[in-house]
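Here the structure is laid out as structure tokens; the discussion comes afterwards.
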Amino acid sequence: MKKYRTHTCGELNLKNNDEKVLLSGWINKKRDHGNLLFIDLRDNYGITQCVIDNKNEFFKKIENIPLETVIQFEGKVVKREKDTINKELNTGEIEIKISNFKILGTTKELPLPIFSDQEYSEEIRLKYRYLDLRRSKIHKNINLRSKVISYIRKEMENFGFLEFQTPILTSSSPEGARDFLVPSRLNPGKFYALPQAPQQFKQLIMISGFDKYFQIAPCFRDEDARADRSPGEFYQLDIEMSFINQEDIFNVVENLLNKVFKKFSTKKILNEKFPKISFEDSMLKYGTDKPDLRNPLEICDLTEIFKRDDVKFEIFKKLVKSGSIVRAIISKKTKDRPRSFFDNIDKWAKDEGSSGLAYFTFEKDNNKISGKGPIGKFFSPDACQEIMKLSNAEIGDSVFFACGKKKDVEKLLSSARDKIAKDLDIIDESIFAFCWIVDYPMYEIDEKSGKIQFSHNPFSMPQGDISKLNFNQPLSIKAYQYDIVCNGIELSSGAIRNHIPELMYKLFAIAGYDKESVEEKFSGMINALSYGAPPHGGIAPGIDRIVMLLANEKNIREITMFPLNQNAQDLMMNAPSNVDNGQLKELNINIIKKK
RNA sequence: GGGGGUGUAGCUCAGUUGGUUAGAGCGAUCGCCUGUCACGCGAUAGGUCGCGGGUUCGAGUCCCGUCACUCCCGCCA
């Protein structure tokens, strides 16, 4: 007989009836009837009920063993009586009649119970992560994550991609997120940076002629956390291909994501051919470049309405005159909603730091259209009609207005879309709604400095005939830059890269970098591009967020085995920590103490 | 850096208008119980009410400060 087990805790059934077996696992639960004791034994694969009564010489000893002890039971598989079958368990038709036992690992009193549906504070969960990870839900999530990654690897290989590792110790990049820095002992005063993404390396791999690359790549960014954003590190499915255009990449990724989401979730994919939405359209209709397409609400621009003489809403008219815009969301068939529905939304908008959301509802009495609600009286029947035309609204619908600077209006209405849809409960939770956001502008104006800067990746290829690009109007230049969004979550971004050095100098010049500084900052890339670079491009879907969607989790820590907390600390391993002076000296580092 | 929420037993939480000895469930310990699967019943132990200061005859409760965790904004090419 094997040393620890003949079977796992998830595999025994009626076919094994009468067999002598050896099981090892954790004591998940005990049900002690005094002279009869049930023990649920748990391992990675499942739970098996073991039973012992007072006729057995070990009864008293086993009765006193605490939960979560690691134990081995020797016994016989016994068929359960009909009325004692547990349909919840795969092993529920049998149980193990214990004949002998051996304790393999003892336990102290537990700081958190394992078998419980209770929620626990993150603090205690992260401090005792190895206990937390024994709990059913997160244990399943982590197993799911492993299977998803393994499946993605196989599919990528089937598509003809090769996986390569890229350096973890690399150089600091001047743009983008804050870098994590690693001091160099052999090069005093100099630092490595952990890669924010293998961006330059994957392009270098293409220039090296490998054609199709992928990697489940760790990425490091020293930025503040969010529920869906780990501080520190996360994983991307990094992809790069040569001799392709945008559509080729779309095909590979759509194909892959369709397969992954079908295999690992029962939710429906709304459009297997992901719809393409231009950045501009997305910002207008949804106020964001990561729209949740499950949400049917759309935004429309009504600025012109407030230039009419038969509209008397003076606050907005004044703002519009001085350059503000007005945009609105129509909610369908909301005329019978109580006043509190509207007031709640207005109050919410004020809590968001805006001046609120003005609203009214379209009504029709004796064939006369009017606006009912706080600001309805300021709009003539003609004006109402025009708004309905512009916004596809009907009698009985309501309109919520926001007025202000374009960026502020977009931001407020983007959240208002979510808020109103949530209040109306019109989001279908049973679907995945993917889309591509395409045609990103190459440049944008920095609000503070007024200077032109790259809006995304500076290595992206501008769209159109390169010889005819209008460098005098840089804001009109669009890039082959694209994002995938699913249910309002940004899953990935990618681009066709600029592989032409002369063009790159020109594009950098517009953003204020002269040739020398480009050569200094991106010498590796620029050099490489000047020795025969193939046209290439890629994308990098976020692994963590894919798994979050598949596991139906809102927090990235629920699908991460050993995450950092919001302050980028590991409460279990005590990282980051102090280091001794010897280490610092060797690295030529002085700590400046605050205050 | 800014805003919101939370902090009471090992864990999850309740605690009224500031008023007697701070409670419950789970867990732990002990006792009873032979068909449970959230087993049941009884008892016992377990508290720096995050920390510091203040107001008050009296503070878990009110005020000020501070710390921790969390959510959001900024940030994340």
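Per chain, numbering begins at 1; letters A, B, ... match sequence-line order.
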Polar side-chain contact A:Arg229-B:C75 base: donor and acceptor under 3.5 Å = yes

message = Atom CE of residue position A:Met573 - does it have more than 12 heavy atoms of other residues, nucleotides or ligands inside 6.0 Å?
response = no

Quiz item: A:Glu123 side-chain donor-acceptor pair to B:U70 base, under 3.5 Å = no

inquiry  = Please determine whether any donor N or O and acceptor N or O are separated by less than 3.5 Å between the side chain of A:Arg221 and the base of B:C75.
reply    = no

key: Atom pair distance, as rounded to whole Å: CG in A:Asp418 and C1' in B:C71   = 15 Å

query = Can you check whether A:Lys554 has a side-chain N or O nearer than 4.0 Å to OP1 or OP2 of B:U70?
reply = no

Geometric cation-pi criterion A:Lys29 and A:Phe115, 6.0 Å radius, 45° cone = no

query = Over how many whole Å does the gap from A:Gln569 atom CD to B:C67 atom C1' extend?
reply = 12 Å

message = Taking the P atom in each of B:U8 and B:C49, what is the distance between them to the nearest angstrom?
response = 11 Å

inquiry  = Using a distance-only criterion (donor-acceptor N/O pair, under 3.5 Å, no hydrogens), is the base of B:G35 paired with the side chain of A:Glu95?
reply    = yes

A:Leu89 vs A:Glu119, nearer the 5' end of RNA chain B by closest nucleotide = A:Glu119

request  = Assert yes or no for the condition that the ring centre distance of A:Phe234 to A:Phe220 is strictly below 6.0 Å.
outcome  = no

task = Determine whether any donor atom in the side chain of A:Arg80 lies under 3.5 Å from an acceptor atom in the base of B:U36, or the reverse, and answer yes or no.
result = yes

request  = Just compare B:C69, B:C73, B:C39 and give me whichever is closest to any side-chain atom of A:Arg226.
outcome  = B:C73

task = Counting heavy atoms from C-beta on, name the nucleotide in B:A77, B:C71, B:C11 closest to the side chain of A:Pro458.
result = B:A77

key: Pairing nucleotide - B:A24, Watson-Crick or G-U, each distance under 3.5 Å   = B:U12

key: Qualifying residue for side-chain contact (heavy atoms from CB on, under 4.5 Å) with A:Cys9, from A:Thr48, A:Asp40, A:Asn28   = A:Thr48

task = Name the residue closer to the 5' end of RNA chain B, choosing between A:Glu352 and A:Tyr120 according to the nucleotide with the nearest heavy atom.
result = A:Tyr120

ask   = A:Asp40 has an atom CG; how far is it from atom C1' of B:A38, in whole Å?
value = 11 Å

task = Report the distance from atom CG of A:Leu110 to atom C1' of B:A28, rounded to the nearest whole Å.
result = 10 Å

task = Name the pairing partner of B:G1, where a pair is Watson-Crick or G-U wobble with both distances under 3.5 Å, or state none.
result = B:C73

ask   = Does B:U6 have a Watson-Crick or wobble mate here (both distances under 3.5 Å), and if so which one?
value = B:A68

Donor-acceptor pair under 3.5 Å, A:Asp224 side chain vs B:G74 base = yes

inquiry  = Counting neighbours of CG on A:Asn64 that are heavy atoms of other residues, nucleotides or ligands and sit closer than 6.0 Å, is the number greater than 12?
reply    = yes

task = Scan A:Gln118 against the nucleic acid and name what it touches under 4.0 Å (heavy atoms): base, sugar-phosphate only, or nothing.
result = base

request  = Return the orientation label for the A:Phe508 and A:Phe522 ring planes: parallel under 30°, perpendicular over 60°, tilted otherwise.
outcome  = tilted

ask   = The side chain of A:Ala227 lies closest to which of these nucleotides: B:C71, B:C37, B:C69?
value = B:C71

key: Protein-nucleotide distance (A:Ile85, atom CD1; B:G35, atom P), rounded to Å   = 18 Å

request  = Would you mind reading off the distance between A:Lys30 atom NZ and B:G27 atom C1', rounded to a whole angstrom?
outcome  = 12 Å

task = Choose from B:C37, B:U34, B:A77 the nucleotide whose nearest atom is closest to any side-chain atom of A:Asn35.
result = B:U34

request  = Round to the nearest Å and state the distance from A:Leu571 atom CG to B:C69 atom C1'.
outcome  = 9 Å

inquiry  = Please give the distance between the C1' atoms of B:G3 and B:C75 as a whole number of Å.
reply    = 15 Å

Length of the line joining A:Ile27:CD1 and B:C37:P, which is rounded to integer Å = 19 Å

